[in-house]
Protein chains: 2
Amino acid sequence: MKKACQHHHDLAPQDLSSLTSRLRRESRKITGPRAAILEILRHHPHPLTNREIFGELPKGECDLATIYRAMQMLEKLGMVKRFDFGDGAARYELMGEGDDGHHHHLICTQCDTVVEIEECFPAEIEQHIAAKNNFKAVTHRLEFFGICPACQK
Amino acid sequence: MKKACQHHHDLAPQDLSSLTSRLRRESRKITGPRAAILEILRHHPHPLTNREIFGELPKGECDLATIYRAMQMLEKLGMVKRFDFGDGAARYELMGEGDDGHHHHLICTQCDTVVEIEECFPAEIEQHIAAKNNFKAVTHRLEFFGICPACQK
DNA sequence: AATCAGTTGCAAACGATTTGCAATTGAGTC
DNA sequence: GACTCAATTGCAAATCGTTTGCAACTGATT
């Protein structure tokens, strides 16, 4: 991946205090690195890789391993959602409290611009697939790829 | 991933000679390792990781690096399709000549059983997504996850 | 201020994948 | 059936994303 990003909404989905109280609730410490990571996620509308988060942080702010550990923990607590764009690096997006964070993206294969998509795989078809194969608790992982307006020129 | 597999059809999708002639057509050599790899793919109905292919091969048959190179080449020639189940290992499935190999899977999150799925994301919705965002050449990557009948007991 | 589990930095370890390079080998050519 | 040469291979080292062991450190509570 090279560049990327295209801010649709620069609004913070939730304030830091609400985030930190979620941590406290789980008896997790609010440390400098964690606050900094959450602060970055709060200001990014699209999924970030750990390395991207690392890059956004002031130089000595925190170790890359700490970010990996933090994201793992945040995912376990359901505070971030992990996405996989198929390039071998996990990406994370902050998610609201009640929200399960399930949604998809449209990614430009040339410049890596990301657009959040509201459409989803039709539930009836998914249920049909589950029923036909006798599977339970079926979900899906879905991302779209194409060429963005800018890269078509 | 641990175990896996559940053969729906053990029929070879195409014979070796048709495969090797495709290689010859591209002025690629039919070497021992390549023939062995194709032979394995021919007999597997579900995507295999390079390591799995390696494991199927008689011990000293070929180097793992050779498999990586072979799969890369086969993918470029459009003879295999790469899939990503989100566990960090690429998987490959042999594909027919005219076929673009586009299809999806239903994977058991407990035992890694794989079922090939014929349903696909509705074209109209995909077109709508493409149009709304002014993207061209839009495709998608889609896989389903759930708990298979055997693992529900 | 004392205490202690939860955290962090750092370096080493890992697993998937790639790559440099010298030795080997298909596949036409004579 | 030898000859030639680019394509291919094995092997080891290198990359990349991610994980982990461990000793030092630090929030949060008492």
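Within every chain, numbering begins at 1; the chains are lettered A, B, ... in the order of the sequence lines, protein sequences first and strands thereafter.
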To the nearest Å, give me how far apart CZ (A/Arg91) and P (D/dT18) are.
9 Å
Nucleotide D/dG17, atom C1' - distance to OH of A/Tyr92 in whole Å:
11 Å
Taking 4.0 Å as the cut-off, does a side-chain nitrogen or oxygen of B/Arg51 come that near to OP1 or OP2 on C/dG15?
no
Please report, rounded to the nearest Å, how far the P atom of D/dT8 is from the NZ atom of B/Lys76.
11 Å
Apply salt bridge (Lys or Arg N to Asp or Glu O under 4.0 Å) to residues B/Glu97 and B/Arg25 and explain how you reach the verdict.
CA-CA 13 Å; B/Glu97 276 231 50; B/Arg25 199 185 308 157; 3.4 Å; yes
Taking the side chain as every heavy atom from C-beta outward, state whether A/Thr113 and A/Cys151 have any atom pair closer than 4.5 Å.
no
Is the closest side-chain donor-acceptor distance between A/His46 and A/Glu116 under 3.5 Å?
yes
Derivation and outcome, side chain to side chain donor-acceptor pair (under 3.5 Å), residues B/His140 and A/Glu143:
CA-CA 6 Å; B/His140 57 268; A/Glu143 303 295 354; over 6 Å; no
Test ring pair (Phe, Tyr, Trp, His ring centres under 6.0 Å) applied to B/Phe83 and B/His103, step by step:
CA-CA 10 Å; B/Phe83 290 97; B/His103 67 280; 4.9 Å; yes
Value in whole Å for how far the P atom of D/dA12 lies from OH of B/Tyr68:
17 Å
D/dT19 OP1/OP2 closer than 4.0 Å to side-chain N/O of A/Gln72
yes
Just by distance, no angles: are the side chains of A/Glu93 and A/His105 close enough, under 3.5 Å, to form a donor-acceptor pair?
yes
Taking atom C1' of D/dT19 as reference, at what distance in whole Å does atom CD of A/Glu75 sit?
15 Å
Nearest-Å distance for atom pair CZ/P, residues B/Arg82 and C/dA16
15 Å
Could you say whether B/Arg24 or B/Ala89 is positioned toward the 5' end of DNA chain C, judged by the nucleotide with the nearest heavy atom to each?
B/Ala89
Using five base pairs at each end, measure the axis-to-axis angle across the helix from C/dT18-D/dA13 to C/dC30-D/dG1 and round it to 10 degrees.
30°
Nearest whole Å is fine: how far is D/dG17 P from A/Leu48 CG?
15 Å
Quick one: do B/Glu119 and A/Lys132 make a salt bridge, cutoff under 4.0 Å?
yes
Between P on D/dG17 and CD on A/Glu52, what's the gap in Å once rounded to a whole number?
11 Å
Could you write nucleotides 7-14 of chain C as a row of B, S and -, 5' to 3', where a protein heavy atom under 4.0 Å of any base atom gives B, of only sugar-phosphate atoms gives S, and otherwise -?
SBBB----
B/His128-B/Glu124 side chain donor-acceptor pair, cut-off 3.5 Å:
no
Within a strict 4.5 Å, meaning less than it, do heavy atoms of the B/Phe85 and B/Asp112 side chains meet?
no
